[in-house]
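Read through the structure below, which is laid out as structure tokens, and then see the notes.
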Amino acid sequence: MHKNILVTGGAGYIGSHVSVRLHEEGYNPIILDNFSNSEKSVLAGLKNITGKDFKCYEGDILDPSILTKIFSENEIEGVIHFAAKKAVGESVEKPLEYYKNNVSGLVTVLEAMSQYGCENLVFSSSCTVYGQPDELPVTEQSPKKPANSPYGNTKQIGEEIIEDTVKSGAMLKSIALRYFNPIGAHSSSEIGELPLGVPNNLVPFITQTAAGLRDKLTVFGSDYDTPDGTCIRDYIHVMDLADAHVQTIKYLENHTESSFFDVINIGTGRGNTVLEAIHSFEKVTGQNLNYEIGPRRAGDVEKVYAQVDKSEKLLNWKTKYSLEDSMRDSWNWQMRLSRKS
Ligand code: NAD
Ligand code: UD1
């Protein structure tokens, strides 16, 4: 029997790629999504890749009755909790929506897990909890900095809620994965990131500019203390990230302590500047990107990239894809989206 893993937010960008990897590794992903930031066509993409109709419940993590339905209809081995709102700017304007969805939503999921004796939880956290770290590469021991947005705060609070639950002696084994910057798409171009409206993130903005949907890309600042003056990030291919989740589920299953919480960085360990990312895109696609240097964006950190020793050791996992692979797959996905619209 294949083990069931509940994937909240499984129709979203990262959750859909993780569902593919879970299936490939012999798990049975069960998706719960309210489609507030995804489309039902994702399910067709998943079927085209895997040949399987994944079980999908349309509903909200804030609704305990849908969780009761899922846990009573299926034996759930573990939960990977992606469902959350993720737009930093929007979270500043609508903080209560973010605290309700991301914080109350997590509490509802934890309550259902406890009620049904489900012990394994992977939580989507973010490198945003580090702010601008004092030392690079950033290790899991680096102190958390005050969050610079309600969104970032929901990730810090989420980690604390899980840690407190574990400290209380609850039968819960959980790892918060602190993702760096996920980019790329499945190589089939059947699934990828669906940014609604004008994208905030760099790579969707690059691909939309190259596709003619945006006039030009503005590089936010060139006077940072980095080799070419632009910010440094650790860009990780979403399929590498997906693989890390499967390894984390396996790790939790094999972990003997019944109450346990840990945090793990999930990045490549390499930092690239914005200009390097642009040039990598230009190289793999043969396109000349229309970009200009503009002012800094408020709230941006100068440089951050992961120390990956802990993920490699505990999860027996390493990234396989290069920045160029990610750019190629992001571009193929953009072209697929442009053909569809
Ligand atoms: P996404 O928006 O593509 O996916 C989230 C999914 O959750 C969407 O399908 C959405 O419809 C669903 N959802 C949201 N609220 C829900 C609710 N109340 N009930 C049911 N479903 C709900 O986002 P993503 O990029 O796949 O991110 C997944 C997780 O990873 C999020 O928790 C996000 O904060 C975290 N994260 C993302 C990034 C990134 O750059 N993409 C970086 C760090 C952390
Ligand atoms: C952003 C969020 C962060 C979140 C992360 C992953 C902010 C302040 N931070 O981080 O909380 O965890 O996304 O979802 O929004 N850039 C440009 N031009 C653009 C867009 C981006 O030059 O049009 C630059 C940025 O200045 C940055 C880099 O590209 O240096 C990456 O930006 P982005 O993709 O938005 O990710 P983060 O800023 O790392």
Side-chain angles (χ1 to χ4, degrees), residues 7-18 31-40 42 57-63 66-67 80-92 97-98 100-102 104-106 108-109 123-131 147-149 151-152 154-155 158 176-183 191-196 198-206 208-209 214 216-222 224 226 230-236 238 241-242 245 266 272-275 277-278 291-305:
V7 186
T8 73
Y13 173 42
I14 303 173
S16 57
H17 292 81
V18 169
I31 293 172
L32 167 61
D33 207 298
N34 66 358
F35 298 98
S36 56
N37 198 35
S38 50
E39 287 177 6
K40 299 215 173 112
V42 169
Y57 291 81
E58 182 171 357
D60 199 300
I61 49 163
L62 288 165
D63 172 11
I66 188 82
L67 290 161
I80 308 184
H81 180 47
F82 293 107
K85 287 174 168 284
K86 62 164 182 177
V88 175
E90 186 187 55
S91 79
V92 177
E97 281 188 21
Y98 275 70
K100 187 168 176 185
N101 205 54
N102 297 8
S104 303
L106 169 65
T108 312
V109 169
F123 175 66
S124 294
S125 188
S126 167
C127 69
T128 194
V129 301
Y130 297 119
N148 64 7
S149 70
Y151 166 74
T154 66
K155 294 299 171 190
L177 297 179
R178 292 175 174 168
Y179 314 151
F180 283 64
N181 288 56
I183 60 169
I191 53 172
E193 190 171 8
L194 274 181
L196 296 178
V198 182
N200 294 310
N201 294 119
L202 178 65
V203 174
F205 212 105
I206 290 178
Q208 290 196 5
T209 304
R214 312 270 157 223
K216 59 174 176 280
L217 170 84
T218 302
V219 174
F220 295 141
S222 62
Y224 286 102
T226 62
T230 63
C231 293
I232 291 179
R233 296 288 183 276
D234 184 334
Y235 296 99
I236 177 170
V238 67
L241 182 60
H245 286 77
I266 302 293
N272 285 104
T273 65
V274 177
L275 290 178
I278 292 172
Y291 69 89
E292 64 176 14
I293 305 291
R296 291 182 175 199
R297 175 171 73 177
D300 264 343
V301 303
E302 182 170 83
K303 46 190 159 189
V304 62
Y305 51 95

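When a ligand or atom number is given, it counts from 1 through the structure's own listing order. We number each residue from 1, following the sequence as shown. Quick caveat: nothing in here was measured; it's all calculated off a predicted structure.
- Remark: ligand 2 atoms within the under-4.0 Å shell around heavy atoms of Asn201 are 1 (C), 13 (O), 14 (O), 33 (P), 34 (O), 35 (O), 36 (O).
- Between Ile14 and ligand 1, at least one pair of N/O atoms sits closer than 3.5 Å.
- Between the Asn272 side chain and the Ala277 main chain, no donor and acceptor come within less than 3.5 Å of each other.
- Taking only nitrogen or oxygen atoms, main chain and side chain alike, Lys85 does not reach within less than 3.5 Å of ligand 1.
- Atom 26 (O) of ligand 2 has Asp300 OD2, 2.6 Å as its closest protein atom, hydrogens excluded (heavy atom only).
- Looking only at protein heavy atoms, the nearest one to atom 38 (C) of ligand 1 is Pro182 CG, 4.0 Å.
- The shortest non-hydrogen separation linking Tyr224 to Cys231 is CE1-SG, 3.2 Å.
- Here is the list of ligand 1 atoms found below 4.0 Å of a heavy atom in Gly59: 19 (N), 20 (C).
- Numbered from 1 in the order shown, with element, the atoms of ligand 1 that lie under 4.0 Å from a heavy atom of Ala11 read 9 (O).
- Below 4.0 Å from some heavy atom of Ser36 lie the following atoms of ligand 1, by number and element: 10 (C), 11 (O), 13 (N), 14 (C), 15 (N).
- Counting heavy atoms from C-beta outward, Leu32 and Ile66 have side chains that approach closer than 4.5 Å.
- Scanning the protein heavy atoms around atom 30 (O) of ligand 2, the nearest turns out to be Cys231 CB, 3.0 Å.
- Taking the side chain as every heavy atom from C-beta outward, Val198 and Phe205 approach each other to under 4.5 Å.
- A donor-acceptor contact shorter than 3.5 Å links the side chain of Asp33 to the backbone of Phe35.
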Q | Trace of the side-chain contact (heavy atoms from CB on, under 4.5 Å) decision for Ile191 with His17 | A | CA-CA 7 Å; Ile191 53 172; His17 292 81; 3.6 Å; yes
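- Considering each of Gly9, Ser125, Ser124, the one bringing a non-hydrogen atom nearest atom 44 (C) of ligand 1 is Ser125.
- Every atom of ligand 1 with a heavy atom of Ser38 under 4.0 Å away is listed here by number and element: 8 (C), 9 (O), 11 (O).
- Residue Val219 approaches ligand 2 through these ligand atoms, each under 4.0 Å from one of its heavy atoms: 22 (O).
- Backbone and side-chain nitrogen or oxygen atoms of Phe220 are examined, and one is located within less than 3.5 angstrom of a nitrogen or oxygen of ligand 2.
- Close contacts of ligand 1 with Ser126, meaning ligand atoms under 4.0 Å from a residue heavy atom, involve 43 (C), 44 (C).
- Side-chain contact between Arg233 and Val301: present, with at least one pair of heavy atoms (C-beta onward) separated by less than 4.5 Å.
- Summarising the geometry of Ser222 relative to Ile293, their closest heavy-atom pair is OG-CG2, 3.3 Å, with the distance given to 0.1 Å.
- The structure places OG of Ser36 at 6.5 Å from CG of Asn101, a figure rounded to the nearest 0.5 Å.
- Remark: among candidates Val274, Val88, Ile232, the nearest residue to atom 24 (C) of ligand 2 is Val274, based on non-hydrogen atoms.
- Atom 5 (C) of ligand 1 has Ala84 O, 4.0 Å as its closest protein atom, hydrogens excluded (heavy atom only).
- Between His245 and Tyr179, the distance separating the two ring centers is shorter than 6.0 angstrom.
- Considering Tyr13, Tyr151, Phe82 only, the shortest heavy-atom separation from atom 36 (N) of ligand 1 involves Tyr151.
- Given atom 39 (O) of ligand 2, the protein heavy atom at minimum distance is Arg233 NE, 2.5 Å.
- Annotation: atom 4 (O) of ligand 1 to nearest protein heavy atom, Gly12 CA, 3.3 Å.
- When the options Thr218, Leu275, Val198 are ranked by their closest heavy atom to atom 18 (N) of ligand 2, first place goes to Thr218.
- For the pair Lys155/Phe123, a side-chain contact is recorded, criterion being any heavy-atom separation below 4.5 Å from C-beta on.
- Judged by the shortest distance from any of its heavy atoms, Lys155 lies inside the 4.0 Å radius around the atoms of ligand 1.
- Nearest protein heavy-atom contact of atom 25 (O) of ligand 1 is Lys86 NZ, 2.8 Å.
- What sits closest to atom 34 (O) of ligand 2 on the protein, heavy atoms only, is Leu202 N, 2.8 Å.
- Contact detail for Thr154 and Tyr98: the closest heavy-atom pair is CG2-O, 3.7 Å.
- Counting the atoms of ligand 2 from 1 in the order shown, those under 4.0 Å from a heavy atom of Thr128 are 11 (O).
- Ligand 2 places these atoms under 4.0 Å from at least one heavy atom of Asn181: 36 (O), 37 (P), 39 (O).
- Distance from atom 8 (C) of ligand 1 to its nearest protein heavy atom, with residue and atom name: Asp33 OD2, 3.6 Å.
- The backbone N or O of Lys85 sits less than 3.5 Å from a side-chain atom of Asn102, completing a donor-acceptor pair.
- Ligand 1 has a nitrogen or oxygen under 3.5 angstrom from a nitrogen or oxygen of Asn101.
- Across all non-hydrogen atoms, the minimal contact from Gln208 to Pro199 is OE1-CD, 3.4 Å.
- Interface of Phe35 with ligand 1, defined as ligand atoms under 4.0 Å from a residue heavy atom, comprises 11 (O).
- Under the 4.0 angstrom criterion for non-hydrogen atoms, Leu62 is not in contact with ligand 1.
- Shortest non-hydrogen contact noted between Ile61 and Ala83 is CD1-O, 3.8 Å.
- With a 4.5 Å cut-off on side-chain heavy atoms, Tyr130 and Phe180 count as touching.
- Of the possible polar contacts, one joining the Ser16 side chain to the Tyr13 backbone as a donor-acceptor pair under 3.5 Å is found.
- The protein heavy atom nearest to atom 28 (C) of ligand 2 is Tyr235 OH, 3.5 Å.
- Closest to atom 35 (O) of ligand 2 among all protein heavy atoms lies Arg297 NH2, 2.9 Å.
- Distances between N or O atoms of Asn34 and those of ligand 1 include at least one value under 3.5 Å.
- Below 4.0 Å from some heavy atom of Ala83 lie the following atoms of ligand 1, by number and element: 7 (O), 13 (N), 16 (C), 21 (N), 22 (C).
- The nearest heavy-atom contact from the protein to atom 2 (O) of ligand 1 is Asn37 ND2, 2.6 Å.
- A heavy-atom distance below 4.5 Å is not found between the side chains of Val203 and Glu193.
- Less than 4.0 angstrom separates some heavy atom of Ser126 from each of these atoms of ligand 2: 12 (O).
- Protein heavy atom at the shortest distance from atom 19 (N) of ligand 1 is Ile61 N, 3.0 Å.
- By the 4.0 Å heavy-atom criterion, Ser16 is excluded from the residues contacting ligand 1.
- Val238 approaches Ile14 most closely through the heavy-atom pair CG2-CA, 4.2 Å.
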